[in-house]
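In what follows, chains are A, B, ... by sequence order, proteins preceding strands, each numbered from 1.
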Amino acid sequence: MATHAPVAHPGGIAGHIHQEPQGFVRRYVFSIDHKIIGIQYLITGFVFFILAGLLAETIRTQLLNANGGFVSPETYNEVYSIHGSAMVWLVVIPILTGGFGNLVFPLQIGARDVAFPWLNLLSFWIFPVAGLMLFSSFLMGAPTAGWTEYPPVSLQGAAGTSMWAAAIFLVGVSSTLTGINFVVTLLKMRAPGMTFTRMPLFCWAQFATAPLLMIATTALAAALAALFIERQFGVPFFDPTKGGSAVLWQHMFWFYSHPAVYIMILPAFGIISEVLPTFARKPIFGYKLIAFSSMAIALAGFMVWAHHMFTSGLAPYLQLPFMILTFAIGVPTGIKIFSWTATLWGGKIHLTTAMLFAIGFIALFTCGGITGIFLAAVPYDLDVHGTYFVVAHFHYVLVGGSMMGVFAGMYYWFPKMSGRLLNETLGKIHFWLFFIGFNGTFLPMHWLGVEGMPRWVASYDPQFEFWNRFASISSYVMALGMLVFFYNVISSARFGKRSGPNPWNGRTLEWMIPSPPHYYNFKNIPTVYGLPYDFSHPLPYKGLEDELNDSPPAAAGAH
Amino acid sequence: MVNQTAPPVRLGSQFWMVSAVLAVLAAVGIWFWYWFPIEQYLPAAIVTARQVDTLFRFMAATGTALYIFIAGYLVYFSIAFRVRKSDPPDAIGVQIHDNHKLELWWTIIPALFVVLLSAVSVRIWYEIMLEPQNGLVVQAIGHQFDFTFRYPQVNGEITDEMHLPIGVPVTLNLTSSDVIHSFWVPAMRLKNDTVPGLVTEIRFTPRLEGRYQIICTQFCGVLHSQMNKQVLVIESRDKFNAWFHGWQVKNAHVSNALPTTTGTAINLSNANIGAGQTLFKQKCSACHSTGPFDQRIVGPGLKAVLHDPTHPNLVDGDPATEANVAKILQTGYTGSIGSMPNATTNGLSDQDIANLVVYLNSLK
């Protein structure tokens with residue numbers, strides 16, 4: 001418990017102080033504290049990550065041999081469908097938006113909580129329920145048509161496909177609520193002086209992501225509802241033999257799922273933009289350009305969905321605008337990559353684990369971005385669409401990008417969650433095992449795809465056996481790295497070195513308060529005078545003099 | 001807050017030396033892709049395959065060069081500017097916030113590159129689209145789990161391999177009898193989905209003799225990974241004609257004509273069990289076994305389907321009489337337990353249906 005009464009901020013802006021609830025359940029289970037909810041999202045997300053990761057290892061074990069044989073083709077199809085769905089909807093999106101978004105960005109804008117704490121509680125609790133529903137679809141015959149579940153084949157799928165649709169619908173509801181909450185929080189609850197051009201870049205990233213969550217997810221919800229209704233009640237939306245359209249689903253699905261790619265990468269961009277300046281002891285290069293390019297990417301993300309459908313009988317004259325618009329996204333993305341690289345120049349670089357993951361992120365994400373250009377070019381996409389080249393590309397973006405961003409964020413903000421540091425030696429072992437294992441797993445998939453290995457296959461041509469084995473064995477190395485990480489998190493949460501409020505010499509607001517922060521975040525809402533990333537000037541905040549008077553809270557989450 | 005009088009930033013000779021090394025490496029990368037023998041790994045079976053390879057080389061060369069610079073600077077900066085033991089604990093880097101000139105350049109240059117890349121891609125796209133319309137027409141129909149091919153200009157023959165004469169432009173019409181499949185020949189660098197209810201078209205001109213694998217690249221059901229048994233054969237005109245004639249003779253006992261499904265009752269009196277058995281292997285065995293009912297592949301096993309009173313009823317509760325089975329073969333169906341293509345997409349004539357029914361009748 002805090003020993004002295006917090007001073008309410010006059011004028012009410014971002015200043016409302018909740019009564020701290022008593023009792024374990026109210027504090028840690030059904031909490032309305034954004035930090036606890038953020039940690040709940042992270043824990044739940046990582047539990048689903050372990051499950052979906054085991055499915056990934058099942059996939060790679062099946063593909064050790066050309067004729068498969070580890071599991072039956074039916075089971076294999078179920079395994080990769082749930083692997084993909086879970087990684088997208090139960091791991092990457094919830095961890096990056098629900099997890100780090102909730103945990104960090106109210107702190108960074110100097111707010112005491114999000115705008116609608118009870119809504120936040122609701123959107124969290126929908127998520128584990130939906131996750132359990134998704135995994136329980138295994139019990140009734142899981143969907144088999146991949147995470148995209150194209151009809152009509154998904155109309156033939158077992159009963160679990162309807163369960164899948166319902167589960168994803170619920171996850172969508174949860175993300176939409178989170179998006180609404182974040183937009184309102186960011187627009188209404190910034191501390192005095194926290195103008196848009198003084199906001200930390202992670203907040204910009206969440207601000208660009210939130211409208212995507214709100215708008216794109218509705219298209220997915222409509223598609224899922226239609227699929228569910230068609231499967232359960234026979235109303236033909238997608239079945240061409242009854243007058244539906246087999247391609248309609250693809251338009252609706254990708255109208256969501258292309259922006260969803262940016263939901264999965266923009267917050268990771270934000271994390272990288274926080275980690276780099278802190279550990280290079282330098283202002284981020286081109287702050288405004290990075291901020292505005294996030295918005296440009298979010299906007300453009302709505303105009304390129306049909307590039308997933310170049311082979312599906314799209315009218316040829318539609319292919320060109322979608323191709324050129326997709327190329328155009330390379331410009332803002334390139335700007336970010338150049339700016340991050342330039343941020344390193346002339347720095348005093350501390351190669352902590354978080355920094356290694358951030359630099360590794362740039363290296364791997366750039367590779368995924370370049371192969372994205374290949375896939376955007378219609379004539380080349382007509383060759384490699386639906387092959388392992390695509391599998392390689394999106395894993396470079398989503399694992400080499402989003403997940404590396406998640407790990408950078410974990411090592412960076414773990415002290416803010418627990419008051420303790422993650423072990424750096426274990427962290428570096430985790431980084432190198434993961435980085436090497438990752439490249440060994442996904443790099444060979446580029447040439448496997450080009451030479452003729454299609455996606456979604458339980459067995460393949462024996463000529464591809466060598467590189468598949470190489471990939472499978474590398475994936476075990478990656479899994480080993482993950483074991484090190486989970487051991488590190490669990491042991492450091494208990495026994496890790498105490499971090500103090502600001503172990504990294506960070507300049508953003510969350511580092512100005514104890515680790516873990518008090519229930520109400522700030523005793524007094526601070527006033528902001530400048531950009532957070534300038535190391536040669538005094539900190540641009542006023543009103544934080546009282547924050548560290550108390551001894552820091554003793555254990556994770558407790559005061 | 002920002003120090004307006006900061007001294008101008010100098011990059012130093014080390015930076016330019018590293019840049020020169022990276023430039024040389026990038027040039028090597030471009031050279032590598034310029035000479036890379038793609039066709040040695042994957043033959044270019046059609047004319048436009050070589051255009052696609054050109055586009056690939058262009059993107060691979062520029063992408064490699066760009067990647068060498070980014071990864072090179074990342075590694076160089078991480079090593080050269082890492083904090084030293086001799087540095088004070090609160091050492092800070094050079095406090096530059098931005099450089100508008102530089103930012104402008106690295107917005108303009110990628111934008112110009114996008115224009116260039118679009119021009120190259122559109123040009124090659126046009127070459128693919130400009131393949132002639134009036135060539136040899138082939139229809140490819142996706143099924144769970146194979147493709148069948150028809151040559152409507154050559155009396156509608158249905159085949160399981162796709163033979164094409166060299167140098168003759170081809171219009172390939174794609175459709176599907178059940179779910180979405182995708183027709184891909186890696187050696188052609190071309191694919192398109194086969195969508196039920198939609199006929200899509202790709203056009204190309206074969207240029208290189210050989211046998212090439214046809215692969216389905218859109219997940220289409222449990223045996224999707226087995227759907228790569230078909231072959232595209234590109235051969236000389238003479239060989240093509242000989243193959244076609246041979247195919248007609250070999251399958252003479254199966255009907256050669258276009259399906260003439262009439263919708264009227266099938267006459268079962270002239271049916272041939274042997275021909276039905278051959279047809280069953282060609283048309284039905286991908287989805288149905290001749291084992292007991294619960295021995296499903298996609299559809300149920302058909303052992304004793306016309307004899308076993310405990311055998312579950314056909315769709316809609318109709319009993320499995322010869323007439324009803326014939327009707328289902330004729331019209332196909334979509335129902336709760338799956339779907340089956342109709343006679344037209346399966347390429348079954350009335351005589352074929354009769355042959356199949358007597359064959360099914362013989363399974364006891």
Side-chain angles (χ1 to χ4, degrees), chain A residues 73-74 145-146 150 152-153 156 240-241 246-247 280-283 285-286 289 311-313 316 320 324 327-328 330-331 334-335 337-338 341 344-351 359 362-363 366 370 373-374 377-380 382-383 386-387 451-452 454 456-459 530 534-537 540, chain B residues 1-3 41-42 52 55-56 59 63 66-67 70-71 73-74 77-78 81-83 87 91-95 97-98 103 106-107 110-111 114 117-118 121-122 124-125 128-129 179-180 182 186 189-193 195-198 200 213 215 217-225 334 338:
Chain A
E74 284 102 328
Y150 283 4
V153 80
Q156 299 175 352
T241 62
V247 186
R281 300 279 182 269
K282 268 193 74 190
F285 189 89
L289 214 51
T311 65
S312 67
L320 294 184
I324 293 167
F327 284 155
V331 177
I335 288 171
I337 291 170
F338 297 141
T341 311
L344 293 179
W345 181 83
K348 284 285 173 201
I349 296 173
H350 296 252
L351 286 176
I359 295 169
I362 304 174
T366 304
I370 289 171
I373 295 278
F374 281 59
V378 177
Y380 196 65
L382 294 182
D383 183 11
T387 70
E451 286 186 32
W456 299 302
V457 286
S459 59
D534 194 323
F535 287 80
S536 61
H537 292 277
Chain B
M1 292 300 295
V2 180
N3 186 353
Y41 294 92
L42 201 61
V52 176
L55 177 63
F56 172 75
M59 292 191 297
L66 176 70
Y67 193 75
I70 290 172
Y73 282 130
L74 276 181
F77 292 162
S78 306
F81 298 105
R82 73 192 186 283
V83 75
D87 284 324
I92 60 171
V94 188
Q95 300 296 302
H97 288 262
D98 41 23
E103 288 167 43
W106 74 38
T107 311
V114 163
L117 182 61
S118 303
S121 303
V122 171
I124 287 165
W125 180 83
I128 295 171
M129 293 297 144
V179 301
I180 299 172
S182 195
R189 323 278 195 277
L190 198 54
K191 78 161 60 64
N192 215 322
D193 291 0
V195 184
L198 205 66
T200 53
Q213 209 177 12
I215 297 170
T217 55
Q218 179 60 52
F219 180 79
C220 58
V222 65
L223 293 182
H224 165 65
S225 34
T334 307

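Contact annotation: the side chain of E103(B) never approaches that of F338(A) to less than 4.5 Å [non-hydrogen atoms, C-beta and beyond]. Looking at T366(A) and L74(B), their side chains never come closer than 4.5 Å, going by heavy atoms from C-beta outward. Residues F81(B) and L344(A) fail the side-chain proximity criterion, which asks for heavy atoms closer than 4.5 Å. For the pair Q218(B) and T311(A), the minimum side-chain heavy-atom distance is 4.5 Å or more.
Put simply, the side chain of Q95(B) never gets that close to the backbone of D534(A): no donor and acceptor are under 3.5 Å apart. The backbone N or O of A363(A) lies less than 3.5 Å from a partner atom in the side chain of Y67(B), making a donor-acceptor pair.
Closest approach of A246(A) and I180(B) over heavy atoms only: O-CD1, 3.9 Å. Smallest separation of non-hydrogen atoms from S78(B) and I359(A): OG-CD1, 3.4 Å.
Options G197(B), A91(B), P186(B), G63(B) differ in how many heavy-atom pairs under 4.5 Å they form with chain A, and the most are formed by A91(B). Between chain B and the options G330(A), A458(A), G334(A), the largest number of non-hydrogen pairs under 4.5 Å is found for A458(A). No other option in I124(B), I70(B), L66(B) has as many heavy-atom pairs under 4.5 Å with chain A as I70(B).
Of the atoms belonging to I215(B), it is side-chain heavy atoms, and not backbone ones, that fall under 4.5 Å from chain A. Both the backbone and the side chain of S225(B) come within contact range of chain A, with heavy atoms under 4.5 Å apart. Looking at L117(B), the atoms closer than 4.5 Å to chain A (heavy atoms on both sides) sit in the backbone and in the side chain alike. For a residue to count as touching a neighbouring chain, one of its non-hydrogen atoms must lie under 4.5 Å from one of that chain's; by this rule L198(B) touches chain A with the side chain only. Heavy-atom distances place the side chain of M129(B), and not its backbone, under 4.5 Å from chain A. Heavy atoms closer than 4.5 Å to chain A are found in the side chain of L42(B), but not in its backbone. Only the side chain of L55(B) comes within less than 4.5 Å of a heavy atom of chain A; its backbone N, CA, C and O stay farther away. Heavy-atom distances place both the backbone and the side chain of V122(B) under 4.5 Å from chain A.
The side chain to side chain donor-acceptor pair (under 3.5 Å) check on N192(B) picks up nothing, with sequence neighbours excluded. Listed by chain and number, the residues in a ring-ring contact (aromatic ring centres under 6.0 Å, His included) with F327(A) amount to none (sequence neighbours excluded).
Rounded to the nearest 0.5 angstrom, R82(B) CZ and K348(A) NZ are separated by 10.5 Å. Note that the OH atom of Y380(A) and the CZ atom of R189(B) stand 8.5 Å from one another [nearest 0.5 Å].
Neither side chain, S312(A) nor D193(B), offers a donor N or O lying under 3.5 Å from an acceptor on the other.
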Going through the distances and angles, do K191(B) and T387(A) end up as a side-chain contact (heavy atoms from CB on, under 4.5 Å)? CA-CA 11 Å; K191(B) 78 161 60 64; T387(A) 70; 4.2 Å; yes

